[in-house]
Amino acid sequence: MAVTAPQWDSLFAARTRADVGDGIAQVLAFLGLPGLISFAGGFPDPLTFPRDRAAALLQEFAAVGEVSAFHYAPTRGLAGPLDALAARIESLQDRRPDEDELLITSGAIEALELVGKTFLDRGDTVVVEAPTYLGAIMAFRGFESEIVAVPIDEAGLEVDELERRLAKGLRPKLLYTIPDHQNPGGVTLAAERRAVLVELARRHGFLIVEDVAYRELAFDDGASPPTLWSLAPDVVVQAGTTSKTFFPGLRLGWAVAPAQISQRLVSAKQNTDQCAGALGQRLLEEYVRRGWIEEQLAESRALYRRKCEATLAALARHMPEGAHGTTPRGGFFTWLTLPDGVDSTDLAARAAAQGVGVVPGTLFFADGRGNDSVRLSFSMVDESQIDEGVARLAALMR
Ligand SMILES: Cc1ncc(COP(=O)(O)O)c(C=O)c1O
């Protein structure tokens, strides 16, 4: 008797039909291409990875017979790492999260997933920036929410425009923003807009999801505007990551939220991964307590600053009229607007054939816009190849 193959499609859960796409997998695939001059992934430069110190810490844990690093951890996180992280947040943001406000996650992406799981029903509205981080669009779409995009300009989210839309009846549950050195725009939210934004959240009763993935990577030591969470811990959940400041192989981040929300995030985490990896938590704790993270950060910021300057100089040198990039003050990205008539998807494909990786702008919009732009990430490209990569890209626009 012939057995027909099961029709898996008919068994997949309805929520998977929201089709989150495979954008992240596409970007990660660039990592594996040998010889590519890649401005594609928003990845830290492996030069910054603290190999020797990580190895020494591991040896130390083994030598002293430490148990906690090798065991399961409490769902919220191990006490020591939570304390070290809370102290660090206090030193950077002038406010210490209470014990029932802070949670250690498996990367910032898990924090976003936990927020989605906790708040979103089918059809709920989430406001995002246009453009925004692809992983967030995918995470929120996975809960069948309606994504509404509000534009950004050189000073970050256009809060005036958000206010107009709220006045016309927009009713979001969540607003997701990356205020510092935004991915993919490279822009930073102005201090005045931060104050207005948190007031809007209070007035209209939505939760701000603040992603601080690149905040610690400012190129200069000047004061950054205050975080949204430090301004308004009553209406903000902050998601952070150690991927850009320590190393992403750890998959470690955090979420700070009002206690009532934080408790729900902990509940949601019980049936994702139960707890973030204890080994990574202990490495992070020691790395922070010994001041090593500050040393790594000083080097990372100088490295990314040089790369950014080289990228902007190459753009000025090679790009045809009509192409212009944003001027980041930190982070990994500049957002390049293309000359009229240049299609970003086509450009990215032709660039890949010429050995240059860029990500077409469309991946950063929830609604297919963005075909007039590409994201250039200068973080991982070899410094000596920046000029050549930009020159090749520019040649393809002529
Ligand atoms: C804005 C933003 N948030 C979150 C993440 C993901 O962080 P993690 O590696 O901690 O999941 C990224 C990584 O590219 C990012 O750009």
Side-chain angles (χ1 to χ4, degrees), residues 20 23-31 38-46 48-49 77 81 85 103-116 126 128-140 142 149 152 156-157 174-189 208-218 227-229 237-256 265 269 272-273 276-277 280-281 283-284 293 300 304 328 330-335 357 359 361 363-366 375-380:
V20 299
I24 288 209
Q26 279 176 25
V27 175
L28 286 172
F30 273 110
L31 257 184
S38 181
F39 297 95
F43 305 126
D45 191 325
T48 66
F49 296 162
L85 194 54
L103 148 78
I104 296 180
T105 60
S106 295
I109 194 73
E110 195 210 8
L112 301 183
E113 189 77 12
L114 296 177
V115 170
V126 180
V128 301
E129 295 165 324
T132 190
Y133 169 49
L134 170 63
I137 297 178
M138 291 169 77
F140 298 135
I152 58 170
L157 179 70
L174 305 177
L175 177 141
Y176 170 75
T177 175
I178 309 157
D180 308 290
H181 322 303
Q182 202 244 18
N183 178 8
V187 298
T188 290
L189 185 63
I208 297 174
V209 184
E210 175 185 40
D211 185 332
V212 292
Y214 300 93
R215 180 172 173 88
E216 290 168 57
L217 292 171
T227 61
L228 298 168
W229 172 74
V237 45
Q238 181 178 91
T241 178
T242 62
S243 291
K244 325 289 172 178
T245 53
F246 195 18
F247 60 101
L250 215 56
R251 307 302 304 125
L252 215 62
W254 70 87
V256 189
L265 301 182
K269 188 170 172 58
T272 55
D273 61 355
Q281 294 188 44
L283 287 173
L284 177 70
I293 195 156
S300 299
Y304 297 132
F332 287 0
F333 312 105
T334 177
W335 181 250
V359 183
L363 280 186
F364 306 98
F365 288 84
R375 185 188 73 177
L376 295 186
S377 171
F378 44 79
S379 54
M380 215 178 100

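As the structure lists them, so they are numbered: ligands from 1, and atoms in each ligand from 1.
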Record the part of Ala108 in heavy-atom contact with ligand 1 below 4.0 Å; permitted values are side chain, backbone, both and neither. both

Which residue and heavy atom of the protein sit nearest atom 3 (N) of ligand 1, plus the separation: Asp211 OD2, 2.6 Å

Any side-chain heavy-atom pair of Thr334 and Phe39 under 4.5 Å: no

State plainly whether the residues Glu110 and Lys269 are in salt-bridge range, i.e. N to O under 4.0 Å. yes

Is ligand 1 less than 4.0 angstrom away from at least one heavy atom of Lys244? yes

Counting C-beta onward and ignoring hydrogens, is there a side-chain heavy-atom pair between Leu363 and Arg375 closer than 4.5 Å? no

Give me the nearest non-hydrogen protein atom to atom 10 (O) of ligand 1 as residue plus atom name, then the distance to 0.1 Å. Thr241 OG1, 2.5 Å

Ligand 1 atoms nearer than 4.0 angstrom to some heavy atom of Ile178 are 1 (C)

Relative to the heavy atoms of Ala213, which atoms of ligand 1 are at a distance of less than 4.0 Å? 1 (C), 2 (C), 3 (N)

Show which atoms of ligand 1 fall inside a sub-4.0 Å distance from at least one heavy-atom site of Asn183. 15 (C), 16 (O)

Can you find a heavy atom in the side chain of Val359 that is under 4.5 Å from one in the side chain of Pro184? no

Taking both backbone and side-chain atoms of Gly107, is any N or O found less than 3.5 Å from an N or O belonging to ligand 1? no

Considering only heavy atoms, which of Tyr176, Tyr133, Tyr214 lies nearest to atom 6 (C) of ligand 1? Tyr133

Can you sort out which atoms of ligand 1 are near Ile109, meaning under 4.0 Å from one of its heavy atoms? 11 (O)

Short version for Arg251: what comes under 4.0 Å of ligand 1, heavy atoms counted, is side chain

Give a yes or no answer on whether the side chain of Ser106 reaches the backbone of Leu252 with a donor-acceptor pair at less than 3.5 Å. no

Quick one: closest heavy-atom pair of Ala139 and Glu113, and the distance? CB-OE1, 3.9 Å

How are the rings of Phe333 and Tyr214 set to each other: parallel, tilted or perpendicular (split at 30° and 60°)? perpendicular

What one should report as the nearest heavy-atom pair of Leu174 and Phe140 is CD1-CE2, 4.2 Å

Which atoms of ligand 1 have any heavy atom of Ser243 under 4.0 Å away? 8 (P), 9 (O), 10 (O)

